[in-house]
There are 2 protein chains.
Amino acid sequence: MRRDTKQREAILKLLNNTRSHPTADQIYDEVRADIPNISKGTVYRNLQVLENDGAITVIGINGAQSRYEIKQNSHYHFRCEKCGGVIDLDEPADKGIDKKIATRTGFTVSHHRTEFYGLCKDCQQK
Amino acid sequence: MRRDTKQREAILKLLNNTRSHPTADQIYDEVRADIPNISKGTVYRNLQVLENDGAITVIGINGAQSRYEIKQNSHYHFRCEKCGGVIDLDEPADKGIDKKIATRTGFTVSHHRTEFYGLCKDCQQK
DNA sequence: GTAATTGCAAACGGTTTGCGATCTC
DNA sequence: GAGATCGCAAACCGTTTGCAATTAC
């Protein structure tokens, strides 16, 4: 049975209050302000539990560190190639394309992920 | 200046003759048939050089090993969630969407990546 | 009470890197 | 001969895991 620990709550609360798509390390650093002796193992384990429960989503298809966000409607991300920042896009996920691929290939398609790459506004000016 | 070594040629040749999107480890294993004492460091260094030169493309998915393919026209990939296999899709990359995002956000958008997830034909039957 | 969760530290796996030797141009 | 590349082994870094102690229910 799933339990309610202050560690898990702190991680969820943090993710609920940010749009910055933090890495596990950033989460660890921030949560330590409240719970100084929390361990990284606990952070990783909780992120796994929360993902399995569908409470959060793991972002990233480019092999870098994983980033985490609260589960929300399916949407795309933009990744700045200079500063590494990840930004939510309004563009809604195109669900029709999954069916199109499924029909064409005979595969079962559950979902897709798209990430855009380029320079964010700040980084264009430097 | 870039040199032409048998190690680099063997890696390129292997990638030219496969559609299997091998991992660095698989490349290492296969190339060792020809060059028994090639090292993993050399494989990784060459894959980096070849990527920088635009000769190959890295397919990176969070949490999984990187896979490599010969550079070709922009296209999407399907990853089977059961066997882990990566398959090229015919679906051409939608270039219009990059401009759409750029206009909407003010970001510079160089490209995007899309990956589909589900079950390939073989894995559906098991 | 018992099973989930924790902190700690060690292990893991893919990838990178420092080195002195070797090879390509 | 200069500089790129090599093989080797150690280091790196994000993540996972084993364990005994603690905690939620």
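So that the names make sense, note that chain A is the first sequence line, chain B the second, and so on, each numbered from 1.
Residues that satisfy the salt bridge (Lys or Arg N to Asp or Glu O under 4.0 Å) test with B/Arg19, not counting sequence neighbours, are absent from this structure. Among residues two or more places apart in sequence or in another chain, the ring-ring contact (aromatic ring centres under 6.0 Å, His included) test is passed with B/His21 by B/His77.
Across all strands, A/Asn46 comes closer than 4.0 Å only to sugar-phosphate atoms, never to a base (heavy-atom distances).
Checking B/Arg3 against B/Tyr44, the closest nucleotide of DNA chain C that is more toward the 5' end is the one next to B/Tyr44. Nearest-nucleotide mapping onto DNA chain C: of A/Gln7 and A/Lys40, the residue sitting toward the 5' end is A/Gln7.
Between D/dT15, D/dT5, D/dG7, one nucleotide has an atom nearer to the side chain of B/Arg8 than all others, and that is D/dT5. Residue A/Arg45 places its side chain closer to D/dT17 than to any other of D/dT17, D/dA24, D/dC6. Set against C/dT16, C/dG7, C/dT15, the side chain of A/Ser39 has C/dG7 as its closest nucleotide. For A/Ala24, the side-chain atoms get nearest to D/dT15 when compared with the rest of C/dT15, D/dG7, D/dT15.
A donor-acceptor pair under 3.5 Å is absent between the side-chain atoms of A/Glu51 and the main chain of A/Gln48, judged by distance alone. A/Gln124 places a side-chain N or O within 3.5 Å of a backbone atom of A/Leu119 that can act as its donor or acceptor partner.
As a whole-Å value, the separation of B/Ile38 CD1 from D/dC6 P is 7 Å.
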